[in-house]
Amino acid sequence: PYRCKDGNFILPMATFNRRLAVGYCNYLGMMDAVKEAGIVDKDPYDAANVPFDDRNLALPMGFDFQKSSKCAELFALKFMEKTAKEWETELEAAGLPCAEIQSFRDWMQDKDARIARIVAEVEGLEEPQLGRTAWMTSAGEYPNLKKMERNKKVDFKGKPTPTGTKDSQPKSRPLEGFVVVDFANVIAGPAAGRMFGELGATVYKLGPGLPQHGPMVMMVWQAELHQGKKSIIVNHKVAEAREVAQRLVARADLVLVNKMDDQIHHLGLDRETLDAVHKKTILLQLKAHQGEKASARSNWSGYDPALQGKVGLMTRFGPPGCPNFHGVASCVDYLTGYMATFSGIAALYSREERQSKSGDWAGTSLAVCASLTQLTLQRREPPASAVGATATGMTPHSRIFKVKGGKLIYGQADPAKVDADALVATLAAMDVEQALAHFKDSLKSLAVPVQTCKEMAALCSDGRSKTAHFKKKDAGQGWVVETWEPTWFCFDGQPFATRWAPFRAGSNAPEVLAELGYTA
(Lines give C-alpha, C1' and ligand atoms only; values in the text may rest on other atoms or scores of the structure.)
Protein backbone atom coordinates (compact mmCIF):
# COMPACT_ATOMS: atom_id res chain seq x y z
CA PRO A 1 0.00 0.00 0.00
CA TYR A 2 1.04 3.60 -0.65
CA ARG A 3 0.24 6.62 1.51
CA CYS A 4 -1.74 9.34 -0.27
CA LYS A 5 -2.25 13.07 0.11
CA ASP A 6 -4.84 12.64 2.90
CA GLY A 7 -2.69 10.20 4.91
CA ASN A 8 -4.78 7.19 3.91
CA PHE A 9 -3.42 4.28 1.87
CA ILE A 10 -4.14 3.11 -1.68
CA LEU A 11 -3.36 -0.44 -2.82
CA PRO A 12 -2.79 -0.74 -6.60
CA MET A 13 -3.15 -4.18 -8.18
CA ALA A 14 -0.36 -4.24 -10.75
CA THR A 15 1.57 -7.35 -9.74
CA PHE A 16 -0.21 -10.37 -11.23
CA ASN A 17 -1.16 -9.23 -14.70
CA ARG A 18 0.96 -7.88 -17.58
CA ARG A 19 -1.81 -5.71 -19.01
CA LEU A 20 -2.41 -4.11 -15.64
CA ALA A 21 1.30 -3.52 -14.95
CA VAL A 22 1.71 -1.81 -18.32
CA GLY A 23 -1.60 0.01 -17.85
CA TYR A 24 -0.56 1.47 -14.51
CA CYS A 25 2.79 2.66 -15.81
CA ASN A 26 1.18 4.32 -18.82
CA TYR A 27 -1.75 5.84 -16.93
CA LEU A 28 0.46 7.30 -14.19
CA GLY A 29 2.97 8.62 -16.74
CA MET A 30 5.79 6.47 -15.40
CA MET A 31 6.65 4.29 -18.39
CA ASP A 32 9.68 6.28 -19.55
CA ALA A 33 11.16 6.31 -16.03
CA VAL A 34 10.49 2.57 -15.70
CA LYS A 35 12.32 1.85 -18.95
CA GLU A 36 15.21 4.09 -17.92
CA ALA A 37 15.56 1.90 -14.82
CA GLY A 38 16.26 -1.06 -17.11
CA ILE A 39 12.82 -2.65 -16.87
CA VAL A 40 11.46 -4.24 -20.06
CA ASP A 41 8.06 -5.46 -21.23
CA LYS A 42 8.38 -8.93 -22.74
CA ASP A 43 6.25 -12.04 -23.18
CA PRO A 44 6.95 -14.21 -20.09
CA TYR A 45 5.90 -17.35 -21.95
CA ASP A 46 8.66 -17.01 -24.55
CA ALA A 47 11.69 -19.01 -23.38
CA ALA A 48 13.98 -16.48 -25.05
CA ASN A 49 12.87 -13.91 -22.46
CA VAL A 50 13.89 -15.90 -19.36
CA PRO A 51 17.07 -13.80 -18.89
CA PHE A 52 14.77 -10.79 -18.28
CA ASP A 53 12.73 -12.41 -15.49
CA ASP A 54 14.26 -10.16 -12.82
CA ARG A 55 13.32 -6.98 -14.70
CA ASN A 56 10.28 -7.90 -16.81
CA LEU A 57 7.22 -5.72 -16.33
CA ALA A 58 5.11 -8.80 -17.05
CA LEU A 59 6.59 -10.43 -13.91
CA PRO A 60 6.74 -7.73 -11.21
CA MET A 61 6.98 -10.35 -8.46
CA GLY A 62 10.32 -11.36 -9.98
CA PHE A 63 11.93 -7.90 -9.85
CA ASP A 64 15.31 -7.71 -8.14
CA PHE A 65 15.61 -5.34 -5.16
CA GLN A 66 16.85 -2.36 -7.19
CA LYS A 67 14.06 -2.58 -9.79
CA SER A 68 11.38 -3.15 -7.18
CA SER A 69 12.63 -0.22 -5.11
CA LYS A 70 12.70 2.11 -8.12
CA CYS A 71 9.09 1.29 -9.04
CA ALA A 72 8.03 1.74 -5.40
CA GLU A 73 9.65 5.19 -5.33
CA LEU A 74 7.82 6.23 -8.50
CA PHE A 75 4.48 4.99 -7.20
CA ALA A 76 4.99 6.61 -3.80
CA LEU A 77 5.66 10.05 -5.30
CA LYS A 78 2.71 9.83 -7.68
CA PHE A 79 0.13 8.70 -5.13
CA MET A 80 0.92 11.66 -2.85
CA GLU A 81 -0.71 13.93 -5.44
CA LYS A 82 -4.32 12.97 -4.55
CA THR A 83 -6.39 11.44 -1.76
CA ALA A 84 -6.83 7.69 -1.57
CA LYS A 85 -10.53 7.92 -2.42
CA GLU A 86 -9.80 10.15 -5.44
CA TRP A 87 -7.23 7.64 -6.70
CA GLU A 88 -9.56 4.71 -6.13
CA THR A 89 -12.41 6.28 -8.09
CA GLU A 90 -10.15 7.44 -10.91
CA LEU A 91 -8.17 4.23 -11.31
CA GLU A 92 -11.19 1.93 -11.21
CA ALA A 93 -12.87 4.11 -13.86
CA ALA A 94 -9.76 3.49 -16.00
CA GLY A 95 -10.08 -0.28 -15.50
CA LEU A 96 -7.15 -0.47 -13.09
CA PRO A 97 -8.09 -2.41 -9.93
CA CYS A 98 -7.12 -0.93 -6.57
CA ALA A 99 -8.50 -0.29 -3.11
CA GLU A 100 -8.52 2.47 -0.54
CA ILE A 101 -7.38 0.78 2.67
CA GLN A 102 -9.89 1.12 5.48
CA SER A 103 -10.90 -0.55 8.73
CA PHE A 104 -13.74 -3.02 9.22
CA ARG A 105 -15.63 -0.31 11.14
CA ASP A 106 -15.29 1.96 8.08
CA TRP A 107 -16.48 -0.88 5.86
CA MET A 108 -19.59 -1.53 7.97
CA GLN A 109 -20.50 2.16 7.44
CA ASP A 110 -19.52 2.23 3.75
CA LYS A 111 -22.32 3.79 1.69
CA ASP A 112 -21.85 1.58 -1.36
CA ALA A 113 -21.63 -1.58 0.77
CA ARG A 114 -24.98 -0.59 2.29
CA ILE A 115 -26.58 0.00 -1.12
CA ALA A 116 -25.29 -3.38 -2.35
CA ARG A 117 -26.57 -4.96 0.90
CA ILE A 118 -23.17 -6.47 1.55
CA VAL A 119 -23.88 -4.74 4.85
CA ALA A 120 -27.64 -4.92 5.42
CA GLU A 121 -30.28 -3.49 7.71
CA VAL A 122 -32.03 -6.13 9.81
CA GLU A 123 -35.64 -5.85 10.93
CA GLY A 124 -35.71 -5.89 14.73
CA LEU A 125 -32.10 -4.79 15.18
CA GLU A 126 -30.72 -1.29 15.61
CA GLU A 127 -27.38 -2.01 13.94
CA PRO A 128 -26.75 -3.46 10.46
CA GLN A 129 -25.01 -6.78 9.94
CA LEU A 130 -23.37 -8.61 7.06
CA GLY A 131 -25.89 -9.48 4.38
CA ARG A 132 -26.41 -12.40 2.02
CA THR A 133 -23.32 -14.01 0.52
CA ALA A 134 -24.86 -15.71 -2.54
CA TRP A 135 -27.86 -15.01 -4.72
CA MET A 136 -29.70 -16.14 -7.86
CA THR A 137 -32.16 -14.44 -10.20
CA SER A 138 -34.80 -17.17 -10.01
CA ALA A 139 -35.30 -16.44 -6.30
CA GLY A 140 -36.79 -13.08 -7.21
CA GLU A 141 -36.64 -10.10 -4.86
CA TYR A 142 -35.04 -11.20 -1.61
CA PRO A 143 -36.94 -10.14 1.55
CA ASN A 144 -35.34 -7.99 4.21
CA LEU A 145 -33.31 -9.84 6.82
CA LYS A 146 -35.06 -10.32 10.16
CA LYS A 147 -33.81 -10.69 13.69
CA MET A 148 -33.31 -14.31 14.69
CA GLU A 149 -35.83 -15.65 17.21
CA ARG A 150 -34.24 -18.14 19.55
CA ASN A 151 -35.92 -21.53 20.00
CA LYS A 152 -38.60 -20.74 17.43
CA LYS A 153 -39.80 -23.81 15.58
CA VAL A 154 -39.34 -23.61 11.83
CA ASP A 155 -41.64 -25.73 9.70
CA PHE A 156 -39.86 -27.61 6.91
CA LYS A 157 -41.40 -26.57 3.59
CA GLY A 158 -39.19 -28.56 1.25
CA LYS A 159 -39.51 -32.07 -0.05
CA PRO A 160 -37.93 -35.09 1.60
CA THR A 161 -34.84 -36.58 0.02
CA PRO A 162 -35.91 -39.22 -2.55
CA THR A 163 -35.27 -42.77 -1.43
CA GLY A 164 -34.91 -44.13 -4.95
CA THR A 165 -36.36 -47.32 -6.37
CA LYS A 166 -35.08 -50.79 -7.06
CA ASP A 167 -34.35 -49.72 -10.63
CA SER A 168 -32.27 -46.68 -9.69
CA GLN A 169 -28.88 -46.64 -8.02
CA PRO A 170 -27.52 -43.61 -6.17
CA LYS A 171 -24.63 -41.89 -7.88
CA SER A 172 -21.20 -42.24 -6.33
CA ARG A 173 -20.82 -38.45 -6.75
CA PRO A 174 -23.97 -36.30 -6.74
CA LEU A 175 -23.22 -34.16 -9.82
CA GLU A 176 -22.40 -37.03 -12.18
CA GLY A 177 -24.01 -36.34 -15.56
CA PHE A 178 -23.88 -32.55 -15.22
CA VAL A 179 -21.50 -30.39 -17.28
CA VAL A 180 -19.62 -27.28 -16.15
CA VAL A 181 -17.69 -25.04 -18.55
CA ASP A 182 -15.06 -23.13 -16.58
CA PHE A 183 -13.86 -19.81 -18.06
CA ALA A 184 -12.48 -18.57 -14.72
CA ASN A 185 -8.88 -17.67 -13.87
CA VAL A 186 -6.59 -16.96 -10.89
CA ILE A 187 -7.96 -18.78 -7.77
CA ALA A 188 -11.55 -18.17 -6.64
CA GLY A 189 -13.28 -19.20 -9.87
CA PRO A 190 -10.99 -22.16 -10.64
CA ALA A 191 -11.44 -23.38 -7.04
CA ALA A 192 -15.19 -23.48 -7.64
CA GLY A 193 -14.63 -25.41 -10.88
CA ARG A 194 -12.41 -27.89 -9.06
CA MET A 195 -15.10 -28.50 -6.44
CA PHE A 196 -17.76 -29.12 -9.09
CA GLY A 197 -15.42 -31.75 -10.50
CA GLU A 198 -14.91 -33.29 -7.07
CA LEU A 199 -18.69 -33.58 -6.80
CA GLY A 200 -18.79 -35.52 -10.05
CA ALA A 201 -19.53 -32.94 -12.75
CA THR A 202 -17.67 -33.07 -16.06
CA VAL A 203 -15.66 -29.83 -15.98
CA TYR A 204 -14.15 -28.37 -19.15
CA LYS A 205 -11.48 -25.81 -18.32
CA LEU A 206 -11.08 -23.19 -21.09
CA GLY A 207 -7.79 -21.34 -20.78
CA PRO A 208 -6.86 -18.17 -22.72
CA GLY A 209 -4.70 -18.38 -25.82
CA LEU A 210 -2.67 -15.31 -24.83
CA PRO A 211 -2.63 -15.12 -21.01
CA GLN A 212 -2.02 -11.77 -19.37
CA HIS A 213 -1.39 -13.37 -15.98
CA GLY A 214 2.11 -14.68 -15.46
CA PRO A 215 3.27 -18.31 -15.16
CA MET A 216 2.98 -18.18 -11.35
CA VAL A 217 -0.78 -17.70 -11.72
CA MET A 218 -1.37 -19.74 -14.88
CA MET A 219 0.89 -22.70 -14.10
CA VAL A 220 1.90 -22.95 -10.43
CA TRP A 221 -1.45 -22.00 -8.92
CA GLN A 222 -3.41 -23.90 -11.56
CA ALA A 223 -1.56 -27.14 -10.80
CA GLU A 224 -3.78 -27.45 -7.74
CA LEU A 225 -6.88 -25.96 -9.36
CA HIS A 226 -6.80 -28.08 -12.57
CA GLN A 227 -7.47 -31.31 -10.68
CA GLY A 228 -10.40 -33.29 -12.07
CA LYS A 229 -10.84 -31.03 -15.12
CA LYS A 230 -10.42 -31.47 -18.87
CA SER A 231 -8.25 -28.62 -20.15
CA ILE A 232 -8.30 -26.89 -23.52
CA ILE A 233 -6.83 -23.54 -24.62
CA VAL A 234 -9.14 -21.29 -26.65
CA ASN A 235 -8.07 -18.07 -28.37
CA HIS A 236 -11.28 -16.03 -28.50
CA LYS A 237 -9.82 -13.77 -31.16
CA VAL A 238 -10.11 -16.65 -33.67
CA ALA A 239 -13.55 -17.48 -35.07
CA GLU A 240 -12.98 -21.24 -35.10
CA ALA A 241 -11.92 -21.16 -31.45
CA ARG A 242 -15.04 -19.21 -30.52
CA GLU A 243 -17.09 -21.93 -32.20
CA VAL A 244 -15.41 -24.57 -30.00
CA ALA A 245 -16.30 -22.56 -26.90
CA GLN A 246 -19.89 -22.16 -28.10
CA ARG A 247 -20.26 -25.91 -28.70
CA LEU A 248 -19.11 -26.57 -25.16
CA VAL A 249 -21.50 -23.95 -23.78
CA ALA A 250 -24.33 -25.64 -25.71
CA ARG A 251 -23.70 -28.73 -23.54
CA ALA A 252 -23.31 -26.89 -20.26
CA ASP A 253 -25.57 -27.05 -17.26
CA LEU A 254 -23.45 -24.32 -15.72
CA VAL A 255 -21.04 -21.72 -17.14
CA LEU A 256 -18.51 -20.44 -14.59
CA VAL A 257 -16.92 -17.01 -15.06
CA ASN A 258 -15.07 -14.48 -12.89
CA LYS A 259 -15.51 -11.62 -15.36
CA MET A 260 -17.06 -8.18 -15.25
CA ASP A 261 -20.33 -7.53 -17.11
CA ASP A 262 -18.67 -6.00 -20.18
CA GLN A 263 -16.29 -8.96 -20.39
CA ILE A 264 -19.01 -11.59 -20.37
CA HIS A 265 -20.81 -9.68 -23.13
CA HIS A 266 -17.58 -9.65 -25.14
CA LEU A 267 -17.16 -13.41 -24.64
CA GLY A 268 -20.78 -14.08 -25.59
CA LEU A 269 -21.58 -15.43 -22.12
CA ASP A 270 -24.22 -12.91 -21.09
CA ARG A 271 -27.67 -14.21 -20.22
CA GLU A 272 -29.27 -13.14 -23.52
CA THR A 273 -26.60 -14.90 -25.63
CA LEU A 274 -26.67 -18.01 -23.44
CA ASP A 275 -30.44 -18.22 -23.87
CA ALA A 276 -29.92 -18.39 -27.64
CA VAL A 277 -27.26 -21.12 -27.35
CA HIS A 278 -28.64 -23.25 -24.51
CA LYS A 279 -31.56 -21.80 -22.56
CA LYS A 280 -31.19 -24.12 -19.54
CA THR A 281 -27.59 -23.09 -18.86
CA ILE A 282 -26.96 -21.43 -15.49
CA LEU A 283 -24.54 -18.50 -15.53
CA LEU A 284 -22.43 -18.50 -12.35
CA GLN A 285 -20.60 -15.18 -12.09
CA LEU A 286 -18.00 -14.29 -9.48
CA LYS A 287 -17.22 -10.58 -9.16
CA ALA A 288 -15.07 -8.38 -6.96
CA HIS A 289 -17.47 -5.85 -5.42
CA GLN A 290 -20.94 -7.18 -6.21
CA GLY A 291 -23.57 -7.57 -3.49
CA GLU A 292 -27.13 -8.79 -3.46
CA LYS A 293 -28.15 -5.45 -5.02
CA ALA A 294 -26.50 -3.48 -7.82
CA SER A 295 -24.37 -0.50 -6.79
CA ALA A 296 -21.90 1.97 -8.25
CA ARG A 297 -19.03 -0.44 -7.55
CA SER A 298 -20.77 -3.57 -8.87
CA ASN A 299 -18.65 -3.68 -12.00
CA TRP A 300 -15.35 -2.61 -10.43
CA SER A 301 -12.54 -5.09 -10.93
CA GLY A 302 -10.42 -6.47 -8.13
CA TYR A 303 -8.35 -9.25 -6.62
CA ASP A 304 -8.26 -10.97 -3.24
CA PRO A 305 -5.55 -8.59 -1.85
CA ALA A 306 -7.52 -5.49 -2.89
CA LEU A 307 -10.62 -6.69 -1.05
CA GLN A 308 -8.52 -7.51 2.01
CA GLY A 309 -7.66 -3.82 2.05
CA LYS A 310 -11.17 -2.61 1.33
CA VAL A 311 -13.00 -4.55 4.06
CA GLY A 312 -10.45 -4.10 6.86
CA LEU A 313 -8.46 -7.34 6.89
CA MET A 314 -5.16 -5.60 6.17
CA THR A 315 -5.50 -3.28 9.16
CA ARG A 316 -5.85 -6.39 11.35
CA PHE A 317 -2.70 -8.14 10.17
CA GLY A 318 -0.30 -5.23 9.87
CA PRO A 319 1.13 -3.13 12.72
CA PRO A 320 -0.40 0.35 13.27
CA GLY A 321 0.17 2.54 10.23
CA CYS A 322 1.39 -0.38 8.13
CA PRO A 323 -1.52 -2.48 6.77
CA ASN A 324 -0.44 -5.92 5.61
CA PHE A 325 -1.83 -8.92 3.71
CA HIS A 326 -3.33 -11.91 5.41
CA GLY A 327 -1.80 -13.73 2.45
CA VAL A 328 -1.44 -12.92 -1.26
CA ALA A 329 -3.66 -15.88 -2.09
CA SER A 330 -5.64 -15.91 1.13
CA CYS A 331 -8.76 -17.52 2.53
CA VAL A 332 -10.76 -14.81 0.71
CA ASP A 333 -10.08 -16.35 -2.71
CA TYR A 334 -10.84 -19.89 -1.57
CA LEU A 335 -13.89 -18.92 0.48
CA THR A 336 -15.27 -17.11 -2.58
CA GLY A 337 -14.70 -20.25 -4.65
CA TYR A 338 -16.54 -22.38 -2.10
CA MET A 339 -19.39 -19.87 -1.85
CA ALA A 340 -19.65 -19.84 -5.65
CA THR A 341 -19.98 -23.63 -5.61
CA PHE A 342 -22.80 -23.32 -3.08
CA SER A 343 -24.51 -20.64 -5.20
CA GLY A 344 -24.20 -22.73 -8.36
CA ILE A 345 -25.51 -25.90 -6.73
CA ALA A 346 -28.44 -23.98 -5.24
CA ALA A 347 -29.33 -22.67 -8.71
CA LEU A 348 -28.90 -26.14 -10.22
CA TYR A 349 -31.11 -27.72 -7.54
CA SER A 350 -33.73 -25.01 -8.07
CA ARG A 351 -33.76 -25.61 -11.83
CA GLU A 352 -34.11 -29.37 -11.44
CA GLU A 353 -36.71 -29.14 -8.64
CA ARG A 354 -38.86 -26.71 -10.65
CA GLN A 355 -38.25 -28.75 -13.81
CA SER A 356 -37.54 -25.44 -15.44
CA LYS A 357 -36.52 -25.16 -19.07
CA SER A 358 -34.88 -21.82 -18.36
CA GLY A 359 -31.47 -21.13 -16.91
CA ASP A 360 -30.52 -18.84 -14.06
CA TRP A 361 -27.96 -16.25 -13.02
CA ALA A 362 -26.21 -17.04 -9.75
CA GLY A 363 -23.35 -15.26 -8.07
CA THR A 364 -21.17 -14.23 -5.17
CA SER A 365 -18.17 -11.92 -4.77
CA LEU A 366 -14.81 -11.38 -3.15
CA ALA A 367 -16.30 -8.48 -1.18
CA VAL A 368 -19.01 -10.51 0.57
CA CYS A 369 -16.62 -13.35 1.36
CA ALA A 370 -13.85 -11.07 2.63
CA SER A 371 -16.48 -9.54 4.89
CA LEU A 372 -17.63 -12.99 6.02
CA THR A 373 -14.17 -13.79 7.41
CA GLN A 374 -14.88 -11.11 10.04
CA LEU A 375 -18.37 -12.36 10.93
CA THR A 376 -17.66 -12.66 14.65
CA LEU A 377 -16.31 -9.10 14.86
CA GLN A 378 -19.40 -7.23 13.68
CA ARG A 379 -20.33 -5.90 17.11
CA ARG A 380 -16.93 -5.11 18.58
CA GLU A 381 -13.27 -4.99 17.67
CA PRO A 382 -10.89 -7.61 19.10
CA PRO A 383 -8.39 -6.71 21.83
CA ALA A 384 -4.89 -5.53 20.94
CA SER A 385 -3.59 -9.05 21.67
CA ALA A 386 -5.49 -10.33 18.63
CA VAL A 387 -4.34 -7.69 16.13
CA GLY A 388 -1.11 -7.26 14.17
CA ALA A 389 1.94 -9.30 13.34
CA THR A 390 2.57 -10.29 16.99
CA ALA A 391 -1.02 -11.29 17.80
CA THR A 392 -1.38 -14.10 20.34
CA GLY A 393 -5.12 -14.51 20.87
CA MET A 394 -8.43 -13.09 22.03
CA THR A 395 -7.68 -13.41 25.78
CA PRO A 396 -4.59 -13.79 28.01
CA HIS A 397 -5.63 -17.38 28.78
CA SER A 398 -6.89 -18.60 25.40
CA ARG A 399 -4.00 -17.89 23.08
CA ILE A 400 -0.77 -19.00 21.43
CA PHE A 401 2.06 -19.67 23.89
CA LYS A 402 5.79 -19.86 23.19
CA VAL A 403 7.64 -22.97 24.39
CA LYS A 404 11.25 -24.14 24.17
CA GLY A 405 13.00 -24.53 20.84
CA GLY A 406 11.12 -21.72 19.13
CA LYS A 407 7.95 -23.83 19.00
CA LEU A 408 4.39 -22.75 19.75
CA ILE A 409 1.26 -24.30 21.21
CA TYR A 410 -2.32 -23.08 21.46
CA GLY A 411 -3.95 -23.54 24.85
CA GLN A 412 -7.15 -22.65 26.66
CA ALA A 413 -6.65 -22.21 30.41
CA ASP A 414 -9.23 -21.40 33.07
CA PRO A 415 -8.57 -17.85 34.39
CA ALA A 416 -9.82 -18.97 37.80
CA LYS A 417 -7.11 -21.62 38.07
CA VAL A 418 -3.94 -19.94 36.87
CA ASP A 419 -2.36 -16.50 36.49
CA ALA A 420 -1.70 -15.66 32.82
CA ASP A 421 1.82 -14.23 33.34
CA ALA A 422 2.82 -17.19 35.50
CA LEU A 423 1.54 -19.59 32.84
CA VAL A 424 3.59 -17.84 30.15
CA ALA A 425 6.75 -18.18 32.26
CA THR A 426 6.05 -21.85 33.08
CA LEU A 427 5.45 -22.85 29.46
CA ALA A 428 8.56 -21.01 28.21
CA ALA A 429 10.70 -23.52 30.11
CA MET A 430 8.95 -26.57 28.63
CA ASP A 431 9.15 -28.31 25.27
CA VAL A 432 6.00 -29.02 23.24
CA GLU A 433 5.23 -32.41 24.80
CA GLN A 434 5.80 -31.13 28.33
CA ALA A 435 3.58 -28.11 27.69
CA LEU A 436 0.75 -30.23 26.29
CA ALA A 437 1.02 -32.57 29.27
CA HIS A 438 0.92 -29.58 31.64
CA PHE A 439 -2.38 -28.41 30.15
CA LYS A 440 -3.85 -31.91 30.27
CA ASP A 441 -2.68 -33.06 33.68
CA SER A 442 -2.29 -29.88 35.74
CA LEU A 443 -4.79 -27.50 34.16
CA LYS A 444 -7.31 -30.13 32.98
CA SER A 445 -7.67 -28.15 29.76
CA LEU A 446 -7.15 -28.25 26.02
CA ALA A 447 -3.90 -27.54 24.20
CA VAL A 448 -2.58 -28.44 20.75
CA PRO A 449 0.75 -27.92 18.97
CA VAL A 450 0.95 -25.14 16.38
CA GLN A 451 2.07 -26.67 13.09
CA THR A 452 3.62 -25.12 10.00
CA CYS A 453 2.16 -25.96 6.58
CA LYS A 454 5.04 -28.36 5.95
CA GLU A 455 4.51 -30.08 9.28
CA MET A 456 0.79 -30.42 8.58
CA ALA A 457 1.50 -31.90 5.16
CA ALA A 458 3.90 -34.43 6.69
CA LEU A 459 1.37 -35.43 9.34
CA CYS A 460 -1.30 -35.94 6.69
CA SER A 461 0.93 -37.84 4.23
CA ASP A 462 1.55 -40.97 6.30
CA GLY A 463 -1.81 -42.54 5.41
CA ARG A 464 -3.10 -42.76 8.97
CA SER A 465 -5.64 -39.95 8.74
CA LYS A 466 -8.93 -40.63 6.98
CA THR A 467 -10.12 -37.05 6.96
CA ALA A 468 -6.90 -35.12 6.23
CA HIS A 469 -4.89 -36.57 3.39
CA PHE A 470 -2.05 -34.77 1.57
CA LYS A 471 -1.10 -36.71 -1.55
CA LYS A 472 1.34 -36.55 -4.48
CA LYS A 473 -0.42 -36.58 -7.88
CA ASP A 474 1.09 -37.17 -11.31
CA ALA A 475 -0.80 -37.33 -14.61
CA GLY A 476 2.35 -38.48 -16.40
CA GLN A 477 3.03 -35.13 -18.05
CA GLY A 478 5.90 -33.97 -15.85
CA TRP A 479 3.56 -31.87 -13.73
CA VAL A 480 3.75 -33.43 -10.26
CA VAL A 481 1.79 -31.73 -7.50
CA GLU A 482 1.18 -32.39 -3.83
CA THR A 483 -2.25 -31.31 -2.63
CA TRP A 484 -5.02 -32.17 -0.24
CA GLU A 485 -7.55 -34.84 -1.12
CA PRO A 486 -11.13 -33.46 -1.11
CA THR A 487 -12.05 -35.06 2.21
CA TRP A 488 -14.36 -32.11 2.91
CA PHE A 489 -16.91 -34.16 0.93
CA CYS A 490 -17.98 -37.40 2.59
CA PHE A 491 -20.72 -39.75 1.41
CA ASP A 492 -21.79 -42.94 3.20
CA GLY A 493 -18.98 -42.35 5.65
CA GLN A 494 -16.30 -42.29 2.98
CA PRO A 495 -14.32 -39.15 2.06
CA PHE A 496 -13.80 -38.35 -1.61
CA ALA A 497 -10.54 -38.71 -3.49
CA THR A 498 -9.41 -36.53 -6.37
CA ARG A 499 -10.92 -37.85 -9.60
CA TRP A 500 -7.64 -37.43 -11.49
CA ALA A 501 -4.38 -35.52 -11.29
CA PRO A 502 -4.15 -32.12 -13.00
CA PHE A 503 -3.34 -32.14 -16.70
CA ARG A 504 -1.15 -29.52 -18.31
CA ALA A 505 -3.06 -26.55 -19.71
CA GLY A 506 -4.56 -27.46 -23.09
CA SER A 507 -3.38 -31.07 -23.10
CA ASN A 508 -6.92 -32.50 -23.28
CA ALA A 509 -7.69 -30.64 -26.51
CA PRO A 510 -7.71 -33.75 -28.80
CA GLU A 511 -10.12 -35.58 -26.48
CA VAL A 512 -12.40 -32.55 -26.03
CA LEU A 513 -12.49 -31.76 -29.74
CA ALA A 514 -13.35 -35.38 -30.53
CA GLU A 515 -16.22 -35.23 -28.03
CA LEU A 516 -17.52 -32.15 -29.87
CA GLY A 517 -17.48 -33.96 -33.22
CA TYR A 518 -14.28 -32.52 -34.67
CA THR A 519 -11.99 -34.81 -36.67
CA ALA A 520 -8.24 -34.60 -37.21
Side-chain angles (χ1 to χ4, degrees), residues 1-84 86-88 90-92 94-101 186-187 210-221 301-306 308-309 313-315 317-330 388-390:
Y2 293 91
R3 197 177 293 276
C4 299
K5 184 178 180 179
D6 57 348
N8 292 334
F9 289 92
I10 189 75
L11 176 64
M13 289 282 97
T15 303
F16 309 106
N17 183 292
R18 182 184 184 186
R19 179 184 64 81
L20 295 180
V22 172
Y24 261 99
C25 290
N26 284 328
Y27 188 84
L28 298 176
M30 295 165 31
M31 185 59 83
D32 288 343
V34 165
K35 290 181 177 179
E36 288 174 8
I39 296 171
V40 299
D41 174 25
K42 293 184 178 291
D43 181 1
Y45 294 95
D46 185 339
N49 294 329
V50 170
F52 300 97
D53 281 358
D54 63 347
R55 54 189 183 280
N56 189 352
L57 197 56
L59 300 170
M61 288 190 289
F63 281 177
D64 61 29
F65 180 76
Q66 289 76 17
K67 303 295 186 298
S68 181
S69 298
K70 180 60 179 179
C71 286
E73 290 172 4
L74 293 170
F75 272 89
L77 288 171
K78 191 66 179 180
F79 284 129
M80 285 299 293
E81 295 177 5
K82 300 177 184 179
T83 68
E86 287 172 339
W87 276 121
E88 183 185 58
E90 181 179 331
L91 292 169
E92 284 285 355
L96 299 171
C98 61
E100 178 191 14
I101 306 298
V186 193
I187 291 179
L210 301 171
Q212 292 297 309
H213 290 96
M216 174 65 77
V217 175
M218 299 303 297
M219 299 300 296
V220 177
W221 293 358
S301 56
Y303 289 86
D304 171 330
Q308 288 183 53
L313 279 173
M314 289 185 68
T315 59
F317 286 90
C322 186
N324 202 0
F325 297 129
H326 167 51
V328 173
S330 79
T390 59

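- For Asn56 (side chain) and Leu59 (main-chain N/O), no donor-acceptor pair under 3.5 Å exists by modelled atom type.
- Residues Pro44 and Pro215 approach most closely at CB-CD, 4.0 Å, considering heavy atoms.
- Contact detail for His326 and Ser330: the closest heavy-atom pair is CD2-CB, 3.5 Å.
- Inter-residue side-chain proximity for Leu28 and Phe79 is flagged as met; some heavy-atom pair is nearer than 4.5 Å.
- Looking at every heavy atom in both residues, Ala99 comes nearest to Ala306 through CB-O, 3.2 Å.
- Atom CG of residue Asn49 and atom CG of residue Asp43 lie 6.5 Å apart, to the nearest 0.5 angstrom.
- Remark: Lys67 pairs with Ile39, Arg55, Phe63, Asp64 by the side chain to side chain contact (heavy atoms under 4.5 Å, CB included) rule, at least two apart or across chains.
- The shortest non-hydrogen separation linking Asn324 to Phe317 is O-CB, 3.8 Å.
- Between Ile10 and Cys4 the shortest heavy-atom distance is CG2-SG, 3.4 Å.
- Of the options Leu74, Leu57, Leu20, a side-chain contact (heavy atoms from CB on, under 4.5 Å) to Cys25 is made by Leu57 and by none of the others.
- Put simply, the side chain of Asn8 does not reach to within 4.5 Å of the side chain of Thr83, judged on heavy atoms.
- Put simply, the side chain of Thr15 does not reach to within 4.5 Å of the side chain of Tyr303, judged on heavy atoms.
- Put simply, the side chain of Met314 reaches to within 4.5 Å of the side chain of Phe325, judged on heavy atoms.
- Shown here for Tyr2 and Pro12, the closest heavy-atom pair between the two residues is CD1-CD, 3.8 Å.
- Put simply, the side chain of Glu88 gets close to the backbone of Glu100: a donor and an acceptor are under 3.5 Å apart.
- Distance check: Glu90 CD to Tyr27 OH gives 3.5 Å after rounding to the nearest 0.5 Å.
- Taking CD from Gln212 and CE from Met218, the interatomic distance works out to 10.5 Å, rounded to the nearest 0.5 Å.
- In this structure, Met30 places its CE atom where more than 12 heavy-atom neighbours from other residues, nucleotides or ligands lie under 6.0 Å away.
- A distance of 11.0 Å separates CD of Glu86 from CD of Glu81, quoted to the nearest 0.5 Å.
- Between Asp41 and Arg18, at least one side-chain N (NZ, or NE/NH1/NH2) sits under 4.0 Å from a carboxylate O, which counts as a salt bridge.
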**Request:** Let me see the working for Phe16 and His213 under ring-ring contact (aromatic ring centres under 6.0 Å, His included), right down to the final yes or no.
**Result:** CA-CA 6 Å; Phe16 309 106; His213 290 96; 7.6 Å; no
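- With hydrogens and angles disregarded, no donor-acceptor distance shorter than 3.5 Å links the side chain of Tyr24 to the backbone of Arg19.
- Taking 4.5 Å as the limit, every side-chain heavy atom of Lys5 sits out of range of all side-chain heavy atoms of Trp87.
- If you take OG on Ser68 and CE on Met61, they are separated by 12.0 Å, rounding to the nearest 0.5 Å.
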